[in-house]
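Have a look at the structure below before the remarks.
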Amino acid sequence: GSTKKINSAYSGGDQSVSSINRLVKVINEQYQIKIDHYATINLESFRNVIDAIGGVPIDVPYDIGNAQLGIIYKGQQTLNGEQAEWLVRHRHSYYDQDIGRIKIQRLFLASAVQQVKKMGMSQVMKLIPAIFGNFTTDLSIKEVQNYAKKALSIDFSNMKFYLIPGEGTTTPNGQSVWTMHKYETADLLNAYFRPFSSPVSAEELKITELAHTGEYYENTEDDIQDLISGTTPGKKKDDSTLPAYTHVVTAKPHVTTTAAATTTTAASTAETTTVTTYQTDEYGFIITEEETEDTDDVVIPETTETSDT
């Protein structure tokens with residue numbers, strides 16, 4: 001099998017289905033989470049909406065960017081639509097690239113929610129019809145207004161952001177990706193995203209785990225109140241304040257896989273066969289690798305799997 005970036009569902013796949021519904025289908029099937037409604041926005045509309053709410057006051061925790069790409073400096077300021085777009089899209093000056101961008105996006109969204117709440121319910125209700133055309137959604141204006149009333153009544157400390165547990169890695173074809181840790185992901189989804197349904201085990205999720213080295217961002221949830229109070233976004237939390245992961249991994253026998261590849265050089269008709277033997281752990285990750293070469297005529301063996309005893 002193969003694995004793809006989740007955003008590929010938005011541009012590829014069944015073209016008889018809308019882009020957002022292809023993404024909804026992937027989330028439904030892969031995470032077994034029901035998506036009730038959706039709203040999407042393009043970049044021009046994003047700028048328009050930010051300007052419509054009067055910009056977003058934000059206390060930027062550090063200088064972002066560089067002389068070549070532009071800089072938004074540390075400190076309290078109000079971002080207009082164009083500046084806000086730059087902030088939420090920028091990633092190249094962060095040491096952790098996409099993760100750095102996600103962290104600052106959390107702070108921006110928290111600041112935007114605070115700005116909308118400060119506007120007051122009456123002004124928000126009047127604004128929704130005016131900006132509704134900037135969104136693509138399956139909701140009506142009346143439904144959006146009803147959801148807005150509910151959302152603005154929620155305490156900021158109960159509005160939380162989570163990052164799918166995992167780590168950065170590279171696929172066999174050279175793509176840089178964020179690979180999920182399936183057991184930790186199952187725990188997080190069960191703890192926070194299934195309030196009205198039964199837990200779903202990691203084995204039931206259609207997750208392909210490419211790496212699990214321990215260098216990941218498991219405990220990095222933020223709530224809006226902490227963020228607008230000055231907490232650095234994405235900072236790893238004290239494990240003692242969080243639910244313990246409940247999964248138990250049972251060790252499995254190591255598996256040895258032997259694969260062979262044949263090459264022929266221009267200087268000789270003799271075949272050189274490189275045989276690579278991998279020993280993998282219970283997760284399927286390589287723990288030893290050995291290559292041997294044979295320049296005699298050989299019969300290329302098929303890939304085989306044997307269990308150690």
Side-chain angles (χ1 to χ4, degrees), residues 6-7 10 20 23 27 33 35-65 72 74-91 93-94 96-121 123-124 127-128 131-132 134-137 139 144-145 147-164 178 188 192-193 217 219-237:
I6 192 169
N7 54 4
Y10 203 80
I20 188 63
L23 182 59
I27 295 173
I33 293 177
I35 304 298
D36 296 302
H37 299 287
Y38 65 81
T40 69
I41 189 169
N42 63 30
L43 294 176
E44 180 183 0
S45 295
F46 173 83
R47 295 191 297 269
N48 292 340
V49 170
I50 297 305
D51 289 336
I53 65 173
V56 174
I58 183 173
D59 189 3
V60 180
Y62 33 72
D63 291 349
I64 298 172
I72 290 182
K74 174 182 178 179
Q76 184 68 45
Q77 55 203 287
T78 297
L79 303 180
N80 62 26
E82 185 177 358
Q83 294 167 322
E85 179 196 348
W86 187 95
L87 181 72
V88 300
R89 295 182 67 187
H90 176 76
R91 67 183 173 91
S93 69
Y94 298 120
D96 47 1
Q97 295 280 302
D98 289 316
I99 304 305
R101 176 167 59 184
I102 287 171
K103 292 174 184 177
I104 207 68
Q105 286 173 346
R106 290 181 177 185
L107 179 59
F108 174 81
L109 288 170
S111 302
V113 170
Q114 183 183 39
Q115 171 68 357
V116 170
K117 195 163 188 176
K118 283 181 177 179
M119 292 171 62
M121 187 68 70
Q123 190 175 351
V124 170
L127 180 64
I128 287 173
I131 65 173
F132 187 77
N134 287 285
F135 296 88
T136 300
T137 179
L139 294 166
V144 171
Q145 290 175 322
Y147 277 118
K149 290 176 183 177
K150 293 177 181 178
L152 292 175
S153 68
I154 299 173
D155 189 272
F156 282 162
S157 63
N158 290 323
M159 296 182 181
K160 299 178 183 292
F161 299 98
Y162 296 94
L163 178 66
I164 285 289
W178 180 261
L188 184 143
Y192 302 111
F193 293 88
Y217 299 81
N219 303 331
T220 59
E221 76 276 13
D222 290 308
D223 66 61
I224 286 182
Q225 186 59 58
D226 281 346
L227 289 170
I228 62 178
S229 298
T231 297
T232 301
K235 186 176 181 181
K236 185 175 175 63
K237 305 300 189 297

Inset, instruction - Could you check Thr137 against His37 for side-chain contact (heavy atoms from CB on, under 4.5 Å), going step by step and ending with a plain yes or no? - result: CA-CA 8 Å; Thr137 179; His37 299 287; 5.7 Å; no
Legend entry - For Phe161 against Ala110, the heavy-atom pair lying closest together: CZ-N, 4.4 Å
Inset, instruction - Return the orientation label for the Tyr62 and Tyr94 ring planes: parallel under 30°, perpendicular over 60°, tilted otherwise. - result: perpendicular
Legend entry - Heavy-atom check, side chain of Leu87 versus side chain of Ile104, under 4.5 Å: yes
Inset, instruction - Mind listing the closest non-hydrogen atom pair of Gly65 and Trp86 along with its distance? - result: CA-CH2, 3.8 Å
Inset, instruction - Tell me, please, whether Phe156 has Lys117 positioned over its six-membered ring: NZ or CZ under 6.0 Å from the ring centre and within 45 degrees of its axis? - result: yes
Inset, instruction - Run the numbers on Ile224 and Lys160 for side-chain contact (heavy atoms from CB on, under 4.5 Å), then give the verdict. - result: CA-CA 6 Å; Ile224 286 182; Lys160 299 178 183 292; over 6 Å; no
Legend entry - Shortest non-hydrogen separation from Ala52 to Ile131 and the atoms involved: CB-CG2, 3.9 Å
Inset, instruction - Using modelled atom types only, decide if a donor and an acceptor are shared between the side chain of Gln115 and the backbone of Ile53 within a distance under 3.5 Å. - result: yes
Legend entry - Test side-chain contact (heavy atoms from CB on, under 4.5 Å) applied to Val49 and Ile41, step by step: CA-CA 10 Å; Val49 170; Ile41 189 169; 4.0 Å; yes
Legend entry - Gln77 side chain to Gly75 backbone, donor-acceptor under 3.5 Å: yes
Legend entry - Gap between atom CD1 of Ile72 and atom OG of Ser93 - 0.5 Å precision: 10.0 Å
Legend entry - Distance, nearest 0.5 Å, that separates CG of Asp226 from CD of Glu221: 9.5 Å
Inset, instruction - For Asn42, check side chain to side chain donor-acceptor pair (under 3.5 Å) against everything at least two apart and list the hits. - result: Ser45
Inset, instruction - Taking all non-hydrogen atoms of both residues into account, name the closest pair between Leu139 and Phe132 and its distance. - result: O-CZ, 3.3 Å
Legend entry - N/O donor-acceptor pair under 3.5 Å between Trp178 side chain and Ile99 backbone: no
Legend entry - Side chain to side chain, Leu107 and Pro233, heavy atoms closer than 4.5 Å: yes
Inset, instruction - Nearest 0.5 Å please: distance from the CD1 atom of Ile20 over to the OG1 atom of Thr136. - result: 9.5 Å
Legend entry - Minimum side-chain heavy-atom gap Tyr162-Asp222 below 4.5 Å: no
Legend entry - From CG (Leu227) to CG (Asp59), nearest 0.5 Å: 11.5 Å
Inset, instruction - Any chance you could measure Ile64, atom CD1, to Arg101, atom CZ, to the nearest 0.5 Å? - result: 12.5 Å
Inset, instruction - Search all heavy atoms of Asp96 against all heavy atoms of Lys103 and return the closest pair with its distance. - result: OD2-NZ, 3.1 Å
Legend entry - Heavy-atom donor-acceptor pair, Thr78 side chain to Val56 backbone, under 3.5 Å: no
Legend entry - Listed once per pair and sorted, the salt bridge (charged side-chain N to carboxylate O under 4.0 Å, His left out) pairs that draw on residues 39-50, sequence neighbours left out: Arg47-Glu85
Inset, instruction - Rounded to the nearest 0.5 Å, what's the gap from CG on Leu163 to CG on Leu188? Could you check? - result: 9.0 Å
Inset, instruction - Report, as yes or no, whether the 6.0 Å neighbourhood of atom OH on Tyr147 holds more than 12 heavy atoms from other residues, nucleotides or ligands. - result: no
Legend entry - Side-chain (Gln105) to main-chain (Val88) donor-acceptor, under 3.5 angstrom: yes
Legend entry - Heavy-atom side-chain proximity of Met119 to Leu127 below 4.5 angstrom: yes
Inset, instruction - Name all residues meeting the side-chain contact (heavy atoms from CB on, under 4.5 Å) criterion together with Lys74; count only those two or more places apart in sequence or in a different chain, and write none if there are none. - result: Asp63
Legend entry - Taking every non-hydrogen atom, the tightest pair across Glu82 and Asn80: N-OD1, 3.1 Å
Inset, instruction - Kindly say whether Gly81 contributes a backbone atom to a donor-acceptor pair with the side chain of Asp51 at under 3.5 angstrom? - result: yes
Inset, instruction - Examine distances only and state if a side-chain atom of Ser111 and a backbone atom of Ile58 form a donor-acceptor pair shorter than 3.5 Å. - result: no
